[in-house]
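In what follows, a structure is listed as C-alpha cells, so that the remarks can point back to it.
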Amino acid sequence: MSDPTTATKVALRSLARRWLALQAEIDDLDSHLATLVTAAAPNLVALPRVGVDTAGQLLVTAGDNAHRLHSEAAFARLCGVAPIPASSGRTDRHRLHRGGDREANRALWRITLVRMRCHQPTKDYVTRRTAEGKTKTEIMRCLKRYIARETFPLLQATVVNAAMPDAGEAWGDRV
C-alpha cells in the first residue's frame, strides 16, 4: 500500500462502511423513537407540522418539569416564549423571555418555521401580520406563543396520565 491513491480508496471505503452502519443504527433508533412518542402523545404528533423529534422534545421538557405545568403561561415561560414588554416611548413592543429550556424553544421554533413555509393558514397569518407592519421576528414570536398555547393541553394530559399510578398499584409501592 505504498500508492497514495490505493491508500485513499481504502480509507474512503472504510469511512463509507462506517457511515452505512451508523445510518442503519440511526434509522433503527428513529423508528423506536417514533413508536414511543406516537404511543405517548398521538394527539401531539397529529398537530400540523409537529414531527416526532419536536414532539419528543416537548414531552421531555414537560415530563422533566411536571411540577411547573400549572398553566399554559407557565409552560410558555418554561419554553422561553412568554412575551415580555420591551416598549420605549410611544412604541409598544414585546420580546421573548430568554430563560427556560432552550431545546423546547428550539422545537417550537422549528414547528413555527415549517408552518410558515408549508401550512396555508400560517402563511395567511404571516401575510396578514406583515401587511399590518409586523416584522418577521415579531410574527415568529406570536406564532411560537400560539404553538405553546396549542400544545400545552396535550402535553399536560400526557404528563398527568404518565404520573398517575396504575389502578392496582399504590403510590408507596412505586420504585
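Computed from a predicted model, the values in this text were never measured in an experiment. Heavy-atom basis, side chains included; hydrogens, waters and symmetry copies ignored.
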Whether [X] side chain and [Y] backbone form a donor-acceptor pair below 3.5 Å:
X: N43; Y: L154; answer: no
X: R49; Y: T112; answer: no
X: T54; Y: G51; answer: yes
X: T122; Y: C118; answer: no
X: N65; Y: T61; answer: yes
X: T130; Y: V126; answer: yes

Do other residues, nucleotides or ligands put more than 12 heavy atoms under 6.0 Å from the [atom1] atom of [X]?
X: R117; atom1: CZ; value: no
X: R102; atom1: CZ; value: yes
X: K123; atom1: NZ; value: yes

What pair of heavy atoms forms the shortest contact from [X] to [Y], and how long is it?
X: T158; Y: A40; answer: CG2-O, 3.3 Å
X: L155; Y: A62; answer: CB-CB, 4.2 Å
X: T38; Y: A34; answer: OG1-O, 2.7 Å

Can you tell me how far [atom2] of [Y] sits from [atom1] of [X], rounded to the nearest 0.5 angstrom?
X: H119; Y: I111; atom1: NE2; atom2: CD1; answer: 12.0 Å
X: I26; Y: Q23; atom1: CD1; atom2: CD; answer: 5.0 Å
X: L20; Y: E25; atom1: CG; atom2: CD; answer: 13.0 Å
X: D3; Y: T8; atom1: CG; atom2: OG1; answer: 8.0 Å

ILVMFWY cluster, [X] and [Y] together (side-chain gap under 4.5 Å):
X: Y146; Y: F75; result: yes
X: L108; Y: L47; result: yes
X: V81; Y: M116; result: no
X: L58; Y: L33; result: yes

E138 and K144: salt bridge (charged side-chain N to carboxylate O under 4.0 Å, His left out), yes or no, with the steps?
CA-CA 10 Å; E138 292 171 330; K144 285 167 68 174; over 6 Å; no
Side chains of [X] and [Y]: closer than 4.5 Å at any heavy-atom pair?
X: M140; Y: L113; value: yes
X: Q57; Y: D101; value: yes
X: V45; Y: V50; value: no
X: R13; Y: V10; value: yes

Given E103 and V60, is the side-chain contact (heavy atoms from CB on, under 4.5 Å) satisfied, shown in steps?
CA-CA 10 Å; E103 291 302 316; V60 168; over 6 Å; no
Would R129 and E132 satisfy salt bridge (charged side-chain N to carboxylate O under 4.0 Å, His left out), going step by step from the backbone distance to the final call?
CA-CA 5 Å; R129 296 296 284 205; E132 292 173 3; 3.5 Å; yes
The side-chain contact (heavy atoms from CB on, under 4.5 Å) partner of F152 among I147, L69, L78 is L69
Whether the D124 and Q120 side chains hold a donor-acceptor pair (N or O, under 3.5 Å, no angle test) is what I'd like checked.
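Q120 and D124 do have a side-chain donor-acceptor pair below 3.5 Å.
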Give the C-alpha distance, both sets of side-chain angles, the deciding distance and a yes or no for salt bridge (charged side-chain N to carboxylate O under 4.0 Å, His left out) between R145 and E72.
CA-CA 10 Å; R145 182 67 169 95; E72 62 93 10; 2.6 Å; yes
